[in-house]
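Here the structure is laid out as structure tokens; the discussion comes afterwards.
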Number of protein chains: 2
Amino acid sequence: MNDDAHGAAIRVERPTKTLRELALDKVREAIINGYFRPGDRLVERDLCAQLGVSRTIVREVLRHLESEGLVANLPNKGPIVAQLNHDEAKQIYEIRAALEGMAARLCAEQNNPAIADALDKSLEDIRHSYREKDMAGVLAHTSSFYQTLFSMVDRHVAWGVVNLLTVRINHLRSMTIKTQDRDVQGPAQMARIVDAIRRGDGDGAYQAAMDHVTSASAIAQAVLTGRQLTD
Amino acid sequence: MNDDAHGAAIRVERPTKTLRELALDKVREAIINGYFRPGDRLVERDLCAQLGVSRTIVREVLRHLESEGLVANLPNKGPIVAQLNHDEAKQIYEIRAALEGMAARLCAEQNNPAIADALDKSLEDIRHSYREKDMAGVLAHTSSFYQTLFSMVDRHVAWGVVNLLTVRINHLRSMTIKTQDRDVQGPAQMARIVDAIRRGDGDGAYQAAMDHVTSASAIAQAVLTGRQLTD
DNA sequence: TGCCATAATATGGCGTACCAAAATCATCCA
DNA sequence: TGGATGATTTTGGTACGCCATATTATGGCA
């Protein structure tokens, strides 16, 4: 028996998060929730002051966000918050459709009732958040629904990809869920996914997942073009 | 008419690549081609010396590669070259199958003969490289085949995802293309994709693309488990 | 002799100061 | 008034130093 055994038990489990990671989360959060708007310049030394960290950290954070696609770098001009154009948003939804469809099919083919049960749990959370008008909760539980979809079949790489893409359309997501009837249509579409999974219907689950993302994409396109989908 | 019009014409068009980008490419290349092996520690100060750049640059590069999945960071130990396990490789192939299948279907639905022609061109390059035993050429032209597949239908985001994932399995790719009969089977499978696209057969193109990646994945799995697929 | 406490070393995390090049802004003069 | 000129801002990049932690050496003590 190694001496880690009793040492680990009382280990203070300090969050090993480095300052850089904390700063990364802060800035990413600030971009996602709109504190920094698309097109805003991210002046290094200003960020240093606002975050209270050194330029070293800020530069690493900007590099990281750049590779995540949240920040764009203009040569000799510096970093700005990436602008999401129309077409790119559409492509992101399309990729999500393909991957979430794939995951849904895999879930259905598992024939494991625990999967559908776990998804139903998330779905109930989503409905509850809608009733409470807690839009942040809706987003969080929707993410958790999809995370379950991927993690139940051990597809954490695909989940990582979806997650990476999703942060880039986050502000669109928060608009789509607020559109008319989405509080009813959204959960209904997700319920169809769960039903197909419970039936072990791979094709059905695939289609249902594709349909859900596709309708979200349509709403996002409408939002982006300024039109409203009221009828 | 703005005065950029004639100014741009004589612009010296210096490669705007920053030192950081150059270093990034160097290190990425070094990992991909095996100069740094999976599990190797990447000591910052050593890299500074080898690359001839400052620690700031090296750190930014490491951060970038970390978010690409090529480098892993052990807490309190520092960065190492990421190890690709079995299961992750399988997941990456699976994602490629989904996205390349999607792109192939979209190409087929375009009914534009120029697409199939462009793909045939890449395919011929691949066959030529095989004949010349130029394995680097095979990889390059295979990438270009898929890049065409995505760019012909303007799916650069999906292409970016595929590209990002592909670098992580690069050493597997260079092994799969060297296995028995791959010089015949590989191009044959890709020709099926092109044929389906030329026929405007979306489902066929989707299936053919899936099949090609799936067979590559099977070979990769065999390579990873040390077995040989000789029969 | 074997083991434990301590010191040295290696390394990542972080900060500061500095310089050069490019872009932008302000100013001043013909 | 228009354009050249200089000042300012900001990024790209470098060098150096400090601290904390982890590993390894080392030396002393029972």
Side-chain angles (χ1 to χ4, degrees), chain A residues 1-4 6-8 10-28 31 36 39-67 70-82, chain B residues 1-4 6-8 10-28 31 36 39-67 70-82:
Chain A
M1 197 170 293
N2 57 27
D3 40 27
D4 280 349
H6 82 283
I10 61 160
R11 180 60 155 280
V12 77
E13 202 57 67
R14 150 181 52 178
T16 93
K17 284 229 175 185
T18 106
L19 195 54
R20 167 171 47 84
E21 290 173 288
L22 295 174
L24 175 63
D25 290 343
K26 282 277 187 209
V27 178
R28 191 195 286 114
I31 293 177
F36 294 126
D40 279 4
R41 293 192 60 183
L42 297 171
V43 177
E44 290 182 1
R45 285 168 172 88
D46 290 358
L47 281 179
C48 293
Q50 293 190 49
L51 294 170
V53 298
S54 74
R55 244 186 101 204
T56 311
I57 305 288
V58 169
R59 290 183 56 146
E60 290 175 30
V61 166
L62 288 174
R63 256 15 111 204
H64 196 115
L65 292 172
E66 189 185 344
S67 70
L70 275 180
V71 164
N73 232 324
L74 309 181
N76 293 326
K77 294 274 291 263
I80 63 172
V81 178
Chain B
M1 196 170 294
N2 57 28
D3 40 26
D4 282 348
H6 82 281
I10 62 160
R11 180 61 155 280
V12 76
E13 205 54 72
R14 152 179 51 179
T16 93
K17 284 228 173 185
T18 110
L19 194 53
R20 168 169 44 82
E21 291 173 286
L22 295 174
L24 175 62
D25 290 342
K26 282 276 187 209
V27 178
R28 190 195 285 115
I31 292 177
F36 294 125
D40 279 3
R41 294 191 61 182
L42 297 171
V43 178
E44 292 180 2
R45 288 169 172 88
D46 290 358
L47 282 179
C48 293
Q50 293 189 50
L51 294 170
V53 298
S54 73
R55 245 182 102 197
T56 311
I57 304 287
V58 168
R59 290 182 54 116
E60 288 176 349
V61 166
L62 290 174
R63 255 14 108 203
H64 196 114
L65 293 172
E66 189 185 343
S67 69
L70 275 180
V71 164
N73 231 325
L74 309 181
N76 293 327
K77 292 282 283 274
I80 63 172
V81 178

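Letters A, B, ... are given to chains in the order of the sequence lines, protein chains preceding strands, and every chain is numbered from 1. In this text, all values refer to a predicted model and were calculated from it rather than measured experimentally.
- A donor-acceptor contact under 3.5 Å is formed by the side chain of A/T56 with the base of C/dG15.
- With the nearest nucleotide of DNA chain D identified for both B/G52 and B/R55, B/G52 has the one nearer the 5' end.
- Between the NZ atom of A/K77 and the P atom of C/dA22 there is a distance of 15 Å, rounded to whole Å.
- The shortest non-hydrogen separation linking B/V61 to B/R20 is CG2-O, 3.8 Å.
- Contact annotation for A/R20: backbone-only contact, meaning every heavy-atom pair under 4.0 Å involves sugar-phosphate atoms and none involves a base.
- Taking atom CD on A/E60 and atom C1' on C/dG15, their separation rounds to 12 Å, with Å as the unit.
- Taking 3.5 Å as the limit, the base of C/dG12 and the side chain of B/R41 contain no donor-acceptor pair of atoms between them.
- The only member of A/L42, A/L70, A/V81, A/N73 that meets side-chain contact (heavy atoms from CB on, under 4.5 Å) when paired with A/L65 is A/L70.
- The distance from atom CG of A/L19 to atom P of C/dT16 is 11 Å, rounded to the nearest whole Å.
- Looking at heavy-atom distances under 4.0 Å, A/L74 makes no contact with the nucleic acid at all.
- Taking atom CG on B/N76 and atom P on D/dA20, their separation rounds to 14 Å, with Å as the unit.
- Nucleic acid contact class of B/R45 (heavy atoms, under 4.0 Å, all strands): base.
- Between the CG atom of A/L62 and the P atom of D/dG13 there is a distance of 14 Å, given to the nearest Å.
- Between A/R41 and A/D46 there is no salt bridge, since no side-chain nitrogen of the basic residue lies less than 4.0 Å from a carboxylate oxygen of the acidic one.
- With rounding to the nearest 0.5 Å, the separation of CZ in B/R59 from CZ in B/R55 is 6.0 Å.
- One can place CZ of A/R63 at 6 Å from P of D/dG12, the figure rounded to the nearest angstrom.
- Of the candidate nucleotides C/dG15, C/dG12, D/dT14, C/dG12 has the atom lying nearest to any side-chain atom of B/V43.
- Taking atom CD1 on B/I57 and atom C1' on D/dA15, their separation rounds to 12 Å, with Å as the unit.
- With rounding to whole Å, A/L47 atom CG is found 13 Å from D/dG12 atom P.
- Ion pairing of A/E66 with A/R63 is present here, as a side-chain N (NZ or NE/NH1/NH2) and a carboxylate O approach within less than 4.0 Å.
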